[in-house]
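Chain identifiers are assigned alphabetically (A, B, ...) following the order of the sequence lines, protein sequences preceding nucleic acid strands; residue numbering begins at 1 within each chain. Values below: every heavy atom of this structure, side chains too, minus hydrogens, waters and symmetry copies.
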Amino acid sequence: MEKELRLMKGNEAVAEAAIRAGADGYFGYPITPQSEIIEYLMEANPYETTGMVVLQAESEVAAINMVYGGAGCGKKVMTTSSSPGISLKQEGITYIAGAELPCLIVNVVRGGPGLGTIQPAQSDYFQAVKGGGHGDYHLIVLAPASVQEMADFVDLGFELAFRYRNPVMMLSDGAIGQMMEKVWLSPPKERSRTVPDWATTGKPPTRERNIITSLELDPNRQEIFNEKLVVKYNEIKEKEVRFEEFQCADAEYLFVAYGTSARVCQKAVELARNQGIKAGLLRPITLFPYPSKQLNKLADQVRLMLSVEMSAGQMVEDVMLSVNGKVPVYHYGRMGGMIPTPDEVVENLKERIKGGR
Amino acid sequence: MKDMTGIKEIISPENLAYKKSEILTDEIMHYCPGCGHSTAHRILAEIIEEEGIQQDTIGVSPVGCSVFLYNYLNIDWQEAAHGRAPAVATAIKRLLPEKFVFTYQGDGDLAAIGTAETIHACNRGENFLIIFVNNGIYGMTGGQMAPTTLPGMKSSTSPFGRDVRTMGNPLKMTDIVATLPGTYYVTRQSVHNPSNVKKTKRAMRKAFQYQKLNKGTCFIEIVSNCPSGWKMTPVQSNKWMEENMFPFYPLGDLKVPEEQPVQQPKSE
Amino acid sequence: MTEEILIAGFGGQGVLSMGKIMAYSGVIQDMEVSWMPSYGPEMRGGTANVIVILSSERISSPIIRHFDTAIILNQQSLDKFEQSVKPGGVLIYDGNGITRHPERKDISIYRVDAAEEASKMNSPKTFNMIVLGGFLKVKPVLTMENVIKGLKKSLPERYHKLIPENEKSLLRGEEIIKEIQKF
Ligand SMILES: Cc1ncc(C[n+]2csc(CCOP(=O)(O)OP(=O)(O)O)c2C)c(N)n1
């Protein structure tokens, strides 16, 4: 079957892609700017067609624990929310990471802290990439920059989640969730019938019983488990780094930006080049694992890097770690639901060029 | 300039029929036309003013359409996270037991995400007032299904009507909390016409006065409308509410204390 | 070809849906499109705006501050966005309720009194189609045929009976738009 062209909001694309990816269950709670996801799923009513369960939970806490239960049965399950709701899910997320369960969590980020605003932001980078919940764990974090990627990363997210038995987070924002673009949708997949051997489905005489848990009373054994996780995270760092480069080949100045900011920076690259400034853009697609090697390589070529984020400066720390002092690294950000414009990004770059080297 | 219209005469103090409460600020309310929240706010303001307890009252506002309640009543406020107002109020009242404390919450806030906090505050008999505005829908986020949405009722997350087999039955929180020994006074009211406004006001006055007795949680449900969320005109929404909400959520007292307040209610 | 458009007015004027029709029509016309709305509860009765980009190339930033065309439907939006039109660009506005008219000298200005016309036609709901018709006259980046297809795409099936009325309004908009100043 061929791909189908649609004009959709990013949120709607997530919902439609979930049905087409053969998801078994969706559990959510309304919150702006992502309520269209559950609204779309309720309207589409996939239970009647694919058998996908869609449920409005009584809270985000309930929703993430439903995900825990569904994932423990070996099913393709997911939840979506926006910043305040994702904070509530953190307990469940660390239990899911600790029990090594696959699932997809989408955060359509809005401005914080606290109740904050409902406008787009990227201020949950630390929460997504550095932890969020307690304990030594990592999510695989995908950062879509278009409606197309909102759809594509649902399937990719499930694939990575099952490959590594690890929760995957799609870190989006209100702008990508709310805007409409063209999207090519993959043909629907059947829901999978294969049951992972670790899933709780009822113990047949032929296998040991399966227990889904994150509890270990013996610290020696907990440490062995932690080491196993480290090995897994290292493998992910080795194999799953994804990024995109724009005009990097001859770039003297590099923007580093993901999601909506990357779109803005793409335009900023055009504007800068029109003014004779050789700018380029590296767009991380995975935020964990981070494209550190590529940035380190580019540090040998460019004169400075400017991390552009809708935050007070979070990802910039990873850029600094990646280049390890080789070139000056700066941050330019807007906060609270404000989006930087391409012009102001170029202005900032020019200031850095003047003030720096 | 000479008063040609005779307006001065008309607006003389003897003719005063309604006055904005001193407790209400001059902030313009953001509610949709015909929404019951603004009436409930006004009643609350009048009670605080008439009881003379502005300096002794602390309100806890919810997340929902009434999230900006703190802009409209000139008292001290704490804004709670979604559903957590009873927990916030618990600590305020325990640490400032001489003060009047109340929460003001919607049905999503109180009966979905905040069910645990609501039940446990009531079960501990926390000595504050919970005002519960039940409009059967999530107004703020754009009309999604709430725990209180009626069977068959359409919302943006129940586009084919609430199917009780998969979405559960509407939750009667007021009936539930009335069964808990911790609650002292539990009543269900409305604010959609003058006589019910008066009844709600009486209930609210009693609830504040009961708070002085230190006998447990007072709980007032206000069954209300949501013209935008229900996709109706204000008039239609009130009619629909009378015909559909009231049979399911009948107005009246669910739990009345035997003891009377220290101070008799003032006449309305 | 790239056309960067802002539409701004009151919530309820059909600002977002007008942008949506442009976006749908753009897809039908095989263009790249983006539709970036202002969103949230402040839209109830407040101001609403949307950025629509139509392009023959991949669209970089869906969020921009300067526009080829600004379509302005109330005074607040005129005050806020008059300076956002690119020099040499186009400003289209509805004169209804406007007390301070556009003053820029370095842009082309057109006026389409759609509110008045819609009430004359006794068709208040197609107000935004009159505006869109005016836009198409000035900036024929989309063909009328594709716009009508886009309209069908963006309207739910049950409203398709209203399409002839919308079509009429589009054509009317083309007729009534007036050039105030040509740059
Ligand atoms: C943790 C969290 N989840 C979700 C939301 C989004 N949210 C804001 S208000 C609301 C529901 C409001 O409904 P209700 O309590 O019935 O009050 P109403 O708006 O109808 O007055 C929701 C889900 C939030 N702010 N925080």
So, the side chain of B:Q144 versus the backbone of A:S35: is there a donor-acceptor pair under 3.5 Å, distance only? no
Within a radius of less than 6.0 Å around CZ of A:F126, do more than 12 heavy atoms belonging to other residues, nucleotides or ligands occur? yes
With a 4.5 angstrom heavy-atom cut-off, could you sort out which part of B:M145 is near chain A: side chain, backbone, both or neither? both
Minimum-distance pair of heavy atoms, taken over all atoms of B:T157 and A:I38: CG2-CG2, 3.9 Å
Could you give the distance from OH (B:Y138) to CD (A:Q56), rounded to the nearest 0.5 Å? 5.5 Å
Over 12 non-hydrogen atoms of neighbours within 6.0 angstrom of NZ in B:K255: yes
So with a 6.0 Å cut-off around NZ of A:K130, is the heavy-atom count from everything else above 12? yes
Roughly how far apart are A:I31 CD1 and B:H82 NE2, rounded to 0.5 Å? 7.5 Å
If you count every heavy atom of other residues, nucleotides or ligands that lies below 6.0 Å from A:K76 atom NZ, does the total exceed 12? yes
Heavy-atom count around A:Y137 OH within 6.0 Å, excluding the residue itself: above 12? yes
Around atom CG of B:N123, are there more than 12 heavy atoms of other residues, nucleotides or ligands at under 6.0 Å? yes
Would you say the side chain of A:E60 lies within less than 4.5 Å of the side chain of B:I113, judging by non-hydrogen atoms? yes
Over all atoms of both residues, closest heavy-atom pair of A:Y29 and B:G108: OH-O, 3.9 Å
Counting neighbours of CD on A:E190 that are heavy atoms of other residues, nucleotides or ligands and sit closer than 6.0 Å, is the number greater than 12? no
A:M42 and B:F160 have their tightest heavy-atom pair at O-CE1, 3.5 Å
Closest approach of A:E39 to B:G142 (non-hydrogen atoms, all atoms of both residues): OE2-O, 4.2 Å
